[in-house]
Undergrad: 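I am attaching a structure below and will ask some questions about it afterwards.
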Amino acid sequence: MLRPLLTLTGGLLAALAVVSAQAKPLSQEDISVAEVLRDRALESSDAYSLVESLTVEVGPRRAGTEGDRRAVAWALQKMKTLGFDRVYTEQIDVKRWHRGHAHAEVVAPFPQPLVVSSLGYSVPTPEGGLTAEIVEFADVEALTKASAKKVKGKIVFINRRMERARTGEGYGPAVQGRSKGMRIAAEKGAVALLLRSVGTDSDRFAHTGMMSIEGVENPVPALALSAPDANLLEAMLKRGKPVEVKLDVDNELLADGPSFNVIGEITGREKPEEVMIIGAHLDSWDEGTGALDDGAGVAIVLETARLIAELPSRPRRTLRVVLFGAEEIGLVGAKQYVEAHRSELDNIIAVSESDFGAGKVWRFDTRLPENKFDIADQMMQLLAPLGIERGNNNSHGGPDGSVFVAQGVPAFGLYQDGTDYFDFHHTPNDTLDKVDPENLKQNVAAWVVMSFLVAEMEGDLGRVPTEH
Ligand SMILES: [Zn+2]
């Protein structure tokens, strides 16, 4: 008597299990494929060869330079070997700038040289250089509050230190001095800006980077100082005598010119017009070889796509890899991409960018409507064994991704360990030896899970609220 009842109960349970499995957005079959891809990535993915190739064969590739042009050619050629169905470029327009020399030295009271680097798009000093007393500010807020009288005719020295953190969260507050410092200093009549590098190292390298130059009427030269040199100026100032510095900078603003977003697609088998965008930025600063920023990201997303292209059939919708141009000089490639693709935005199902170096992924953030959280929960089954924890729903999808998120496109963020990222960021020391091939394998494993499942899943992800 018991046996048929048990069988019946068992059958019911099985049926219920099927119903509840169907209620989940990602099918068991898709999850199984993603699991195979993940394990293949851990075992045999080779993003390292791609970043090695980019740094050795191209190297520095600041937007609008010869290096940038070679990077675009490299990306096109490389993509053609990786199994994409379609590879193409889209032109963007960029402001161009020539970096000349930048010398700085203390001339009084204790003459000695300083290690500096021009911030991006800094104007030159007058022929023969300029010499002036420095005036120190704790941060850009203190500079903002200062009277013009205190600043006029002087070299503003912003001396704010950046906090080290796995999330890199010290960067946001510290970078304010770089982005706004020159403008505010110039408005108050300063003759130049010296900025303690936005970085966490104590190496004698300065960290370059972009500042806002748009609409600044009388821009002045702006230089980053290495951390030890900022310490030196700080110690001299403590002695109570005026500190005079001589700057000699030879940069040049050039006419606008072309750069390119480089794009590769794996065409969807059922809904080719619907697109999952994964990206990284192809340009870099010019003093290192851009291995971490963002050669690693380029390699991770290309290798992710290669693994998906190797599957026996295409995912349901299109996977589009966009290697954005001119990210470093103001998200230029992403902004022009979104402008040019406005009519297609509703079909961009989600976006994600890898642009935080080559550390292991440790957190999975999203930007999804609340009723889609279960998709992320299902993905976590495959991500958790990689040492990844579920994060928050505030992902901005990466710097270039944020331009899409601002238009309501959902986003994913595979957050890397950035503990030492800002030791190297935007310095001559951003080179290949900082990239650990094993960490890249873990990155690709996480990326291939997320990218495949979004491209393959039955339903969509809706839209997220836009911020104003
Ligand atoms: Zn970057």
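This is a predicted model, so every value here is computed, not measured. In listed order, ligands and their atoms are each counted from 1.
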Undergrad: Confirm or rule out an N/O/S atom of D294, from backbone or side chain, lying less than 2.8 Å from the Zn ion (ligand 1).
TA: no

Undergrad: Between F137 and F157, is the ring centroid distance below 6.0 Å?
TA: no

Undergrad: Mind checking whether F404 and Y337 have parallel, tilted or perpendicular rings, split at 30° and 60°?
TA: tilted

Undergrad: Check the orientation of H425 and Y421. Use parallel for under 30°, tilted for 30 to 60°, and perpendicular for over 60°.
TA: tilted

Undergrad: Which is the closest N/O/S atom of D355 when seen from the Zn ion (ligand 1)?
TA: OD1

Undergrad: Given H207, which of D201, D423, D430 fulfils the side chain to side chain donor-acceptor pair (under 3.5 Å) condition?
TA: D201

Undergrad: In D293, the N, O or S atom nearest to the Zn ion (ligand 1) is which?
TA: OD1

